[in-house]
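Worksheet for the structure shown next.
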There are 2 protein chains.
Amino acid sequence: MPSISGKTIGRLCVYRRQLQRLRDEGKSNVYSHQLAALTGGSAAQVRRDLMAIGYRGTPYHGYRIDELSGSIASFLDDPDGQEVALVGLGNLGRAILAYFDGWRPHLTITAAFDVDPGKVDRVIHGCKCYAIAKLESITRRRKIAVGVICVPAREAQTVAEKLAGGGVKAIVNFAPRRLHLPDDIYVEDIDVTTALEKAAFFALEHKRQPDSKAK
Amino acid sequence: MPSISGKTIGRLCVYRRQLQRLRDEGKSNVYSHQLAALTGGSAAQVRRDLMAIGYRGTPYHGYRIDELSGSIASFLDDPDGQEVALVGLGNLGRAILAYFDGWRPHLTITAAFDVDPGKVDRVIHGCKCYAIAKLESITRRRKIAVGVICVPAREAQTVAEKLAGGGVKAIVNFAPRRLHLPDDIYVEDIDVTTALEKAAFFALEHKRQPDSKAK
DNA sequence: ATCTGTGAACTCGTTCACAGCT
DNA sequence: AGCTGTGAACGAGTTCACAGAT
């Protein structure tokens, strides 16, 4: 296990989701090229990624879906389960909460935080909401290691520091700001605005030169 | 302009946002290393990216913020403005709608679509909602080239095909499914689930080996 | 015949390092 | 002195292509 790349981790998550789907369809084994088609990669890529976690398929029969799922799970998941803290219950924060409500048991948003006194102490989409002042103490006491930031850009840095102060080790950041944190803390940025602007740019390219078959 | 990479496009969007912020603070020029610190890249990277769009700074004084903003804008934006169609008005779709309501004039979500008759023909977060049956005809008539997919995974492929059928050239896809489309259509995936699982994995790594200063 | 595992080649993106400008 | 512009070196990640397995 010579330190696997973040890109591979991301793809493993995607593979796993597709595997569960295949299993629901009653399939029991799968070839690398099938998994590739399902996830938008190449067959060689899939094989390399699976090699990285040490799971070996069998020639001619490919990979056993249940075994592979299990291998990925034991590689990615904490057997004790993991709790997640979400900060910022605006439209986006509540949508995320609803999205993950009743999610897999091993990864659950179990604490939400907001400044709005109208939200504090209520239960929203199955998740108890606390005052932001309690962020550090609660994450620390419950050993929460994963945080999600859904606050406005202005407050993102402050919140990030509080999360770090509470012992959180990885953050999903929806705010359009680069977070400045100790570099042993992992940050995954989700920048919706940039995604939309990028898409708009490529649509515009199309209009500018109506030829071209390139992607 | 030998076809600029998608990564550079993404960073240009980020630079622009930071430039606007600097301008609001009354600054008039900026150095590559400052922009780098603000956006989490390296100074050399910033210079390369700006080189790509042909804007040239001046040694010792760096880049003029207003000029550079203008250069990026004329590179990225359609002077006629661009309309965006959003499909799927669940929690996430509505949150996105709210998020972009009153956004920059040149890039606006002007049509939303859902199957739910209770939402059709209403105005939600400043955006008129139509039945999905009208998706193709409306996008085609209004020459909408950018779409956002916020429907459940099961329906994502069908919706994507309808968007493509209506002449949409670029799609932001929030559904956890790989879309299968003609490859002249640009797809930007935003996979919230994978992002959270990735973060959880890196938090877990931390717990597994409490040493290590690597990012 | 058709798959996997993997060294080797390659591609793309990033960083280095330095010439040139002010 | 302190910046930008850029050829050149570098590196991570991806694909090629084929040996080995069934």
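Letters A, B, ... mirror the listed sequences (proteins, then strands); counts begin at 1. Hydrogens, waters and symmetry mates play no part in the numbers below; they use all other heavy atoms, side chains included.
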- Item | For atom CD1 of A/I53 and atom C1' of C/dT6, their distance in whole Å | 17 Å

- Rounded to the nearest angstrom, tell me the gap between atom NZ in A/K7 and atom P in C/dC12. 13 Å

- Quick note, A/R47 side chain, CB onward, closest among C/dG20, D/dT15, C/dT4 is C/dT4

- Query: Would you say the side-chain atoms of A/N29 and A/H61 include a donor-acceptor pair closer than 3.5 Å?
  - Reply: no

- Query: How many Å lie between CD1 on B/I4 and P on C/dC12, as a whole number?
  - Reply: 16 Å

- Query: Roughly how many Å is it from CD1 in B/I9 to C1' in C/dG13, rounded to a whole number?
  - Reply: 14 Å

- Any side-chain N or O of A/S32 under 4.0 Å from OP1/OP2 of C/dT4? yes

- B/M51, nearest nucleotide to its side chain (from C/dC3, D/dT22, D/dT6): D/dT6

- Item | A/Y55 OH - C/dT4 C1' separation (whole Å) | 12 Å

- Query: So, is A/S42 close to the D/dT14 phosphate, meaning a side-chain N or O under 4.0 Å from OP1 or OP2?
  - Reply: no

- Query: Which residue, A/R11 or A/T58, contacts DNA chain D at a nucleotide closer to its 5' end, judged by nearest heavy atom?
  - Reply: A/R11

- Message: In this structure, how many angstroms lie between the C1' atom of C/dC21 and the OH atom of B/Y31, rounded?
- Response: 14 Å

- B/Q82 side chain to A/A200 backbone, donor-acceptor under 3.5 Å: yes

- Message: What's B/R48 touching, base or sugar-phosphate or nothing? Going by heavy atoms closer than 4.0 Å.
- Response: base

- Task: Could you tell me whether the phosphate oxygens of D/dG13, OP1 or OP2, come under 4.0 Å of any side-chain nitrogen or oxygen in A/Q45?
- Result: no

- Short side-chain donor-acceptor distance under 3.5 Å, B/Q18 and B/R21: yes

- Nearest-Å distance for atom pair NE2/P, residues B/H61 and D/dT4: 11 Å

- Looking for any heavy atom pair under 4.0 Å, which part of the strands does B/S5 touch: base, sugar-phosphate only, or nothing? sugar-phosphate

- Item | Under 3.5 Å side-chain donor-acceptor pair for B/R17 and A/T194 | yes

- Note on the structure: Of C/dT15, D/dG2, D/dT22, the nucleotide closest to the side chain of A/Y60 is D/dT22

- Message: Need one value for A/H33: base, sugar-phosphate or nothing, where a base atom within 4.0 Å counts as base even if backbone is also close, heavy atoms only.
- Response: sugar-phosphate

- Query: Are the side chain of A/E188 and the backbone N or O of B/L196 linked by a donor-acceptor pair below 3.5 Å?
  - Reply: no

- Does B/Y63 put a side-chain nitrogen or oxygen below 4.0 Å from OP1 or OP2 of D/dG5? yes

- Query: Using a cut-off of 4.0 Å on non-hydrogen atoms, how would the nucleic acid contact of A/T8 be classed: base, sugar-phosphate, or nothing?
  - Reply: nothing

- Message: For D/dT6 and B/R56 - does any side-chain N or O of the residue sit under 4.0 Å from the phosphate oxygens OP1/OP2?
- Response: yes

- Any donor-acceptor pair under 3.5 Å from A/Y186 side chain to A/V172 backbone: no

- Task: Rounded off to whole Å, could you give me the CG-to-C1' distance for the A/L35 and C/dC3 pair?
- Result: 14 Å

